[in-house]
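Everything quoted here is computed from the prediction, not taken from an experiment.
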Amino acid sequence: MSCCLLEFCRVQELKAVREFLFQNQQNNPSLEDKKTENELAWDDSDWGSWDNPEAKEDSSGTTTGVEEDSAAVSAPWLQDCVVSLSPCSDLMVVAKDHKAVFLSAKWRTDDGGREEMTLAVSWSGTLILTLSVCLSVCLCLFRSSTGRPDWTCIVVGFSSGYVRFYTESGVLLLAQLLNEDPVLRLKCRTYEIPRHPGVTEQHEELSILYPAALVTIDGFSLFQSLRACRNQVARAAAAGSEVVHPPPLAYKKWGLQDMDTIVDHSSVGIMTLCVFDQMKNASILGGFHASVKGSPPAMSQYITVGGGPYTGFYYAIEGSSQPLLSHVALAVASKLTSALFSAASGWLGWKKQSEEEPPQKQKPKVEPATPLAVRFGLPDSRRHGEFICLSPCNTLAGVTDDFGRVTLLDVGRGIAIRMWKGYRDAQLGWVQVSEGRGERESSPSAPLPRRHAQFLVIYAPRRGILEVWGTQQGPRVGAFTVGKHCRLLYAGYRLMGVNSVTSQGWLLHTQQVCLFDPATGALRTVTVPFHLALSDKKSERAKDMHLLKRLTTLLKSREVEPDILESEAQSVLLDIKHPAVKKQALESLLANKNAPVSCLTNITRVLLASLKGQDPEAVDEVLFQMCSSQLKLLQLYTDIQQLHSTGEMEVAGIEEELARVSPTLQRYAELTSGSHPSVSFAQDSPDASLPVQSFLSQMECEGEEIRVVPGPNADWTQLGSFLFWGCLTGESPLQKVCNTLQKTGISPQQLLSLLLSVWLHREKEVLKKTEAVRHLHTLLTALSSMKGAVEESWDMQCVSPWWQQVRSACVQSHSSAAALLAAIVAHRAAKANITILAETKFQSEWEAVSLELEQWAVCVRQLEDVLSLQTLLCVPPPQGTPGSATPHCSVKALLEGGRGGIADSVAKWVFRQDLAPERLKDMLQRRGEAESTGQPSQPEQGEGEKSQEDADFNRAAELLVSVCQRFPDSLSPDLLFAHCCWEYVVQWNKDPEEGRYLCWAVEHLKLVSSPHIQLGISSMMWNTFIVKCFSAAAFLIEKVGKAPKDRLCRRDVGMGDCAMTSFLGSCVQLLQILMEADSGVEEVTPPELCVEEVWGGAEGPASIAELALEQKGVHYPLVQHHYLLASLLHTAMTFSLRVKPLSLFDSKGKNAFFRELSSIQLMPSGDMDPGLVSLRQEFLLRVLTGWVTTQREAVEGPGSGDKTWPSLCLDLGLLLQVNPDLLRRHLVCELYNQGLDPRAEQVMFEVEDKDVLGSQLLVLTGQRLSYSLLHTQTQTRPAMELLARLPPTLCTWLKAMDPSELGCPSVPLSQTSRLVSRLIEILPENHGQYSLALHLLEAVEALQGED
């Protein structure tokens, strides 16, 4: 009801805007030094402007009414910019020199869930490339469409005289040179609906001011041209063609004469003199015998400000100047000439850019201006005007000058009617307010037309104050302290393109005056109520507003005594006459946090008594209802507060129900109380007392009934704590509180919701107070006995809505322990209630059986299961693992999660605990042992617990076993391993560098006993996650021809080289599992997936096991084909071998890769090409060589090496059609070559062709002996003598050997002797080299004897 400043929008990214516009200055260190030097001097911003006002270029834009401020040193950047805001406040333009930034409106949701508008940067750039032509002024905006905003056009004037039109995205629509002087101002006038029949209808117009000329463009033609330009630009962008330049605009140009300097102007519009004024002017000019025309001429009025005179009034008679169309004529003539040579030139005036003359060759012609003399002015030789702002109804104008004055002009009479002093560098705006409907409709005659009031808004940046003044001689009705560097943005126009037809029913809201604060980015609008324009001496409402302001001031002061506050506020409320103001005052009083409850009660009671004492017809019904309802709520608050101060306890025994769940509750309490510490504020704590203001805001009273207003859970918990927490802790009398609440008329259902809200949200405190459960039972029983709680006509074979409300709250709550306790208590109370009803109805000693008790039994069992599961989920992860927030589950969440929801929760827990598959298997084995013995599993104590980790593991295992026992079907081992497998592969997909995740996923999959589930999950893993990376790895190795480097692996596959090696190994295992599962599917029947009876109502997504059973079967040869490729890739990466893996297959084999595993593909069959077989053989031999090398390193080092590769190579050899005996012989030779004789002897037994092997080993023995006799650096005398005694053939043969081929030449003679013995055994006597072997044996034995 008073003048206010409301924030409606916030500008974002202001820092980025500033850095973009001022990046040249920021990069210049000399300017920074100069600025620092200025900052060390005194601040002369409050001194007068000693500069020459004529040298200061005043840039302004119509959207914002933009003026340049005299910037203070602290925040001067915005004062150097041109700022303009659209009438709908959804586009802002900030410009400096040749740069501009467009900010568009966006809606976002704040932290409180409310929608708010922000302005964010949508375009920024350079408007022109020629740096010498700098931006002079910026005008926003045009809106167009039939009644609603369509799009916005930005009009920019330049110091070169050009005026350019842009879209919101910075696309140039139109450019025209209207004069060769700098553009000083751009202003716009749009259509307004005439308020009176005699008012001349004003047409739309854009006016551009130059130092000595004024150009006006008709709004209708401009609107049509801009719309055509925008459509043409859009079509050209869509078609990818060049933009066709439009013809120039038609305009009028007036040469303003008889003024020394002009810096601003205002176009008032068309005016027509009345007959008396016409006769008066004629007689003054022509004397007594002057003739008077029959109809007064229509004239366009222009007002200019500047110097000599200070203000000038110009009148241009309509029809005296035709629009300047020479540009159009020239365009038409040139087009007619070129049309003879080009038939595709378009219609007249529209010519492609490529056909135009370059701009530097043909300068646009500038038309001369039509002279227009000043009619009269306000002469003041020393005063220079700076800015003029026209009122919305074109009757008044505000003018600022260099003397710090603001002058109010009467536009019609051409006189100054008021002046304010002390407003240097002031910025002006206008607010027009309409009278509210209904304020004048009570007149006995026909309803009077709505009145309009105008207020002048003045922002004084030197003082940092924004003032609102009533016109013409009205008082100051509002003043706000704001920053010293704000900008007052006043558009002064609305949408363009609207006429008398399209404006019917037009209710578009536009902000009239906006204040932009660059410090916070806030845009605020001034709101002024109409009654402030009325006389403040005679208006009753003005007096009431004064009293309301006095009460507001009183409530803001914190040092007022309660007695004084009560008396003052009471007198003010009784003195206020208008009901609406009195209601507003009462609302302010009730919302004040400093007023005590007794004060509010007394004042409300007195106000209600005064209303009752008045004439019933004169009393406002809304105010009366508000007083009575608020008084009733205050009385309820007082009664509850007094009851909480007395103590009385009622206890009901319920221990036996709690004994069963107490161990789980105790473990749950230990785990939740040891959670991470958190920060909370005292005022947010549930223990904090509920202020009466919050109580009143959450309750509403209608007649005799009091209701709780729906709101956030936190508010309900706070209100519930106020009503019931004292009862739950035993500090308040339960029965009296319930009786008091019952008398108020609050529905028992709402009281039950409040009670359950506080119980479920304060779980930790409930678990600490053991007696709270008994008090809850008493409270529930008391609430159930209230009228309207349990229906008297309730059939026991139906579900009671009352108890269903309790169950719904429990099953939805994430506070598992509190929900279980509430369910146990409610079950007991419901059972007692049903027993009483049965006794009254049947008069029988039989125990009543009802559907309600069945529902409760299921609910309690479900909550016990959830508590056990939640206790497991609360186990903290071990140190060093990536922690995350503890997940919370509820009965409702598990039912909605489908049949696999429980296993999925446990699988996520297994991942957070970083449990290896083997350890999980150990845990589940304990479950099997516990089920077989019928005893709960106990962790081994003492020696078994070697460390704290073992103790934690045992506790976690115990909890997991207990959960699995509660969910025997949902957490069967196969289901749990399947979900763990899927969880780990999902986590690996998020972070492929963690190859351990995929490896563990495969290990979990191995532990699944059902081949049907194994087959389905393997197929899903392959198709969903694996095949894409697998194919990328295969193509990368094929392209590189060897094991790729880390950089290439990351680029093509998305993981490093080590991770890719691990990934390929997991692929081999996965495909192996897939083949084994496919083989075993037909031998085993598919498993039946069951669920516990109480969880049979689960609805939601299918579980992983269900999806796995639905998968199609696979084509075994195709899986084996991929297994072969995966093995080749893995070996190539492991041993860093050069190979093109896809080149080891023929065309059929290559085409079959990476297809659906369930599809039937044309596979390679028959004998393979010998060339391919030799390539495969060479690759496998290199693999064996690489493996033997690693085994030698493993023997020398601490490790033992992987011993599975030889068997893998032999298996691959069978699949690749490579002779396996050849591979075994090569392996034996390589092992002897590296000095691993014992392993070589083991493999030698498997070799079939012993003759070839003997020949190969004979050479190897000769190399060893040659090294011992001829190539050792320290040759002994016995060795030389032995060499001399050897047969010549043997000696020659030994000298021909090359020991450098040996991997390990220095082998003990005993091993060489054993090797020669083995040679003689495997070589037949008729072998050509048998004698050579005998000579070797003699030589070795002789050498051994010498040693």
When you look at Trp151 and Leu226, which way does the side-chain contact (heavy atoms from CB on, under 4.5 Å) test go after all the steps?
CA-CA 11 Å; Trp151 63 289; Leu226 290 176; 4.1 Å; yes
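- Seen from the ring of Phe530, Arg451 does not count as a face-on cation partner, given the 6.0 Å and 45° thresholds.
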Test side-chain contact (heavy atoms from CB on, under 4.5 Å) applied to Thr395 and Val411, step by step
CA-CA 5 Å; Thr395 57; Val411 173; 5.7 Å; no
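- In this structure a side-chain-to-backbone donor-acceptor pair under 3.5 Å is missing from Gln454 to Ser391.
- For the pair Lys187 and Phe387, the cation-pi criterion (under 6.0 Å, within 45° of the ring axis) is fulfilled.
- Counting heavy atoms from C-beta outward, Val482 and Leu5 have side chains that approach closer than 4.5 Å.
- In this structure, Arg405 is not positioned above the aromatic face of Phe403 in the sense of NZ or CZ being under 6.0 Å from the six-membered ring centre and within 45° of the axis.
- Of the residues Thr304, Asp380, Thr407, the one that meets the side chain to side chain donor-acceptor pair (under 3.5 Å) test with Tyr310 is Thr407.
- Here the side chains of Gln202 and Ile270 are in contact, with some heavy-atom distance below 4.5 Å.
- Taking 4.5 Å as the limit, every side-chain heavy atom of Leu515 sits out of range of all side-chain heavy atoms of Phe480.
- Between Tyr166 and Val93, the closest side-chain pair of non-hydrogen atoms is not below 4.5 Å.
- By the 4.5 Å heavy-atom criterion applied to side chains, Phe165 and Leu222 are counted as neighbours.
- A donor atom on one side chain and an acceptor atom on the other are found under 3.5 Å apart for Tyr423 and Glu467.
- Using cut-offs of 30° and 60° for the angle between ring planes, the Phe376 and Phe313 rings count as parallel.
- For the side chain to side chain contact (heavy atoms under 4.5 Å, CB included) with Ser207, the lone residue among Leu214, Val215, Ile217 that qualifies is Leu214.
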side-chain hydrogen bond (donor to acceptor under 3.5 Å, both in side chains) between Ser104 and Glu168, worked out
CA-CA 8 Å; Ser104 300; Glu168 307 101 318; over 6 Å; no
Take Cys9 and Thr525 through the test side-chain contact (heavy atoms from CB on, under 4.5 Å) and record every step on the way to the result.
CA-CA 9 Å; Cys9 182; Thr525 182; over 6 Å; no
Apply side-chain contact (heavy atoms from CB on, under 4.5 Å) to the pair Val513 and Trp430, showing each step before the final yes or no.
CA-CA 7 Å; Val513 172; Trp430 289 90; 5.6 Å; no
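- Residues Leu396 and Gln472 meet the side-chain proximity criterion, which asks for heavy atoms closer than 4.5 Å.
- In this structure, Lys106 and Thr118 have side chains that are in contact, with non-hydrogen atoms separated by less than 4.5 Å.
- Contact annotation: the side chain of Val156 never approaches that of Val82 to less than 4.5 Å [non-hydrogen atoms, C-beta and beyond].
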